[in-house]
2 protein chains.
Amino acid sequence: MVTPISTLVERLARLVQNDSHTGGLLPSQWEALRYVERANRFSSSPGALAVYLGLTKGTVSQTIKVLAGKGLVRKAPTLADRRAVKLELTAKGRETLKNDPIQEMQDCIDALPAGDRNSMETALENLLRDMLKNRLGRPFGICRSCRYFRRDHETGAPHLCSLLDEPLSNDDSNLICIEQTEEAEHPDSS
Amino acid sequence: MVTPISTLVERLARLVQNDSHTGGLLPSQWEALRYVERANRFSSSPGALAVYLGLTKGTVSQTIKVLAGKGLVRKAPTLADRRAVKLELTAKGRETLKNDPIQEMQDCIDALPAGDRNSMETALENLLRDMLKNRLGRPFGICRSCRYFRRDHETGAPHLCSLLDEPLSNDDSNLICIEQTEEAEHPDSS
DNA sequence: ACATTAAAGTATCGAGTCGAAACTAAATCG
DNA sequence: CGATTTAGTTTCGACTCGATACTTTAATGT
């Protein structure tokens, strides 16, 4: 009946949320800005952000409009698809992220004993994965841990995404991707 | 620059948040309802809820009004202080909490290996405590772990709150309290 | 005692969030 | 080439939240 751990997650998130009215931005704007920083080039679109946040495209469109108006994000046209928009962090946006209010939580995490930190990371990752599996959500995991990631494809473009058949730099491979799918597990008969 | 763990907490909270539009209630209403269930008699007031959630009294007053209007919570007058309101869960409120959308996360947590679960709980508790310490917030911890908790005070009223000089039942001692203060650590000279 | 101050809670307003639905424009499918 | 799908925007209405002003009751100070 008492649900201690879910309550802890909820309260931690609320602390961040309450902090996130600072710096001239609002909580959802901070979330969007963080996403744009971390998303790879297949994922830096309003649509992918909507999937990530679990919001409708219309809502996200509003948030982006505000961030673009403040000069923190740029809406660049896309060559391949003239409907699509590529979201890019501006220099000002990058500067703003240095005062990200979530940093206070990150500082507290960094101050924890390494054992606590590692076990917490593993447990939270497992939990998130399980919850997303239940609802068929996308994990938005790190590129290099994807089943379609091919290391050292050729010189010049070190790695490869075998799903989209695109070259990947080392930086690319540390970003999150909407297409990311974990390494296949041993198939079972279910 | 990449902040993995804080991002995980944020995303987990967002999943719960996105789920919390169900059951005819809104996210903040679910949070308030959960609080009323878990708060002891020194903490079941709009003011304490505002402190817990980090919101203003006015905001909380609105949420309570809605919950009372739906018949999930009762605003009982207080004998000792005629300004104060005591929030009580109604039978309907208790019934509603059985469909709490946060339960899905709790189910996933319960399905984790026991080791993951225990270490996660410890780490999250430490993290929350550190963050609250930084901002001078109240921990709202469990009554029985409070420095003012006296076990087995006398027969009939098994325990005692030595801060408020009030008797505490066994049930009381498992609820959260706005006055809760952790057991004093061994004093150091800092 | 009695005026002052503090505290618990409410009411109102404005900026912002969010989902739903209608819409535009571009790409894809058949 | 026409029909459908997809990326994204706009508009609307219900709701959240902080700020502020307010009422009622309790505590405090002289």
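Less than 4.0 Å separates DNA chain C from no heavy atom of any residue of residues 16-25 of chain A. Near DNA chain D, meaning a heavy atom under 4.0 Å from it, residues 40-58 of chain B has B:Gly54, B:Leu55, B:Thr56 in order of number.
Using a 4.0 Å heavy-atom cutoff across all strands shown, B:Lys86 reaches no nucleic acid atom at all. Backbone-only contact: A:Gln29 has heavy atoms under 4.0 Å from sugar-phosphate atoms and none from a base. Counting any heavy atom pair closer than 4.0 Å across all strands shown, A:Ser61 reaches a base atom.
Read 5' to 3', the first and last nucleotides of DNA chain D with an atom closer than 4.0 Å to a heavy atom of chain B are D:dC15 to D:dA26.
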(request) Could you walk me through whether B:Arg41 and B:Asp172 pass the side-chain contact (heavy atoms from CB on, under 4.5 Å) test, one step at a time? (result) CA-CA 8 Å; B:Arg41 66 180 183 277; B:Asp172 285 339; 2.9 Å; yes

(message) Run B:Ser43 and B:Asn40 through side chain to side chain donor-acceptor pair (under 3.5 Å) and show every step you take.
(response) CA-CA 5 Å; B:Ser43 313; B:Asn40 72 7; 2.8 Å; yes

(request) Verify side-chain contact (heavy atoms from CB on, under 4.5 Å) between A:Leu175 and A:Ile142, making sure each step is shown before the conclusion. (result) CA-CA 5 Å; A:Leu175 297 176; A:Ile142 306 254; over 6 Å; no

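A distance-only check finds a donor-acceptor pair linking the side chain of A:Thr90 to the backbone of A:Leu72 [under 3.5 Å]. Judged purely by atom type and a 3.5 angstrom limit, B:Ser28 has no side-chain atom pairing as donor or acceptor with the backbone of B:Leu26. A donor-acceptor pair is defined here as one N or O able to donate and one able to accept, closer than 3.5 Å; such a pair exists between the side chain of A:Thr78 and the backbone of A:Ala84. No donor-acceptor pair under 3.5 Å is formed between the side chain of A:Gln180 and the backbone N or O of A:Cys177. Using modelled atom types, no side-chain atom of A:Arg150 and backbone atom of A:Ser162 make a donor-acceptor pair closer than 3.5 Å.
Not counting sequence neighbours, the partners of B:Tyr52 by the ring pair (Phe, Tyr, Trp, His ring centres under 6.0 Å) test are B:Tyr35, B:Phe140. The salt bridge (charged side-chain N to carboxylate O under 4.0 Å, His left out) check on B:Asp100 picks up B:Arg34, with sequence neighbours excluded. Residues satisfying the salt bridge (charged side-chain N to carboxylate O under 4.0 Å, His left out) test with A:Arg144, not counting sequence neighbours, are none.
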Report all side-chain donor-acceptor pairs from residues 114-121 of chain A shorter than 3.5 Å, counting only partners two or more places apart or in another chain.
from     : atom 1 : to       : atom 2 : distance (Å)
A:Asp116 : OD2    : B:Asn126 : ND2    : 2.9
A:Arg117 : NH1    : A:Asp110 : O      : 3.1
A:Arg117 : NH1    : A:Leu112 : O      : 2.9
A:Asn118 : ND2    : A:Ala114 : O      : 3.3
A:Ser119 : OG     : A:Gly115 : O      : 3.0
A:Ser119 : OG     : A:Asp116 : O      : 3.1

Please report, to 0.1 Å, the donor-acceptor pairs under 3.5 Å made by any side chain of residues 53-62 of chain A, with sequence neighbours excluded.
from    : atom 1 : to      : atom 2 : distance (Å)
A:Thr56 : OG1    : A:Thr59 : N      : 3.4
A:Thr56 : OG1    : A:Thr59 : OG1    : 3.0

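As rounded to whole Å, 13 Å separates atom P of C:dA8 from atom CG of B:Leu87. Between the C1' atom of C:dG9 and the NZ atom of B:Lys65 lies a distance of 12 Å, rounded to the nearest Å. In this structure, A:Ile64 places its CD1 atom 15 Å from C1' of C:dC18, rounding to the nearest Å.
Comparing atom distances between the B:Lys75 side chain and each of C:dT10, C:dT17, C:dT12 picks out C:dT10 as nearest.
Considering only side-chain N and O atoms, A:Thr59 lies nowhere under 4.0 angstrom from the phosphate OP1 or OP2 of C:dC18.
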Under 3.5 Å, which protein N or O atoms sit close to an N or O of nucleotides 23-30 of chain C? Give each pair with its distance.
from   : atom 1 : to      : atom 2 : distance (Å)
C:dA27 : OP1    : A:Arg82 : N      : 3.0

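Residues in residues 18-29 of chain B take part in these salt bridge (Lys or Arg N to Asp or Glu O under 4.0 Å) pairs, two or more places apart or across chains: A:Arg135-B:Asp19. Pairs engaging residues 65-77 of chain B under the salt bridge (Lys or Arg N to Asp or Glu O under 4.0 Å) rule: B:Arg74-B:Glu88 [sequence neighbours left out].
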(request) Quick one: the dot-bracket string of DNA chain C, using Watson-Crick and G-U wobble pairs with both distances under 3.5 Å, [ ] for crossing pairs and | for bases paired to another strand. (result) ||||||||||||||||||||||||||||||

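Electrostatic pairing of B:Glu95 and B:Lys92 does not count as a salt bridge here, judged by no charged N lying under 4.0 Å from a carboxylate O.
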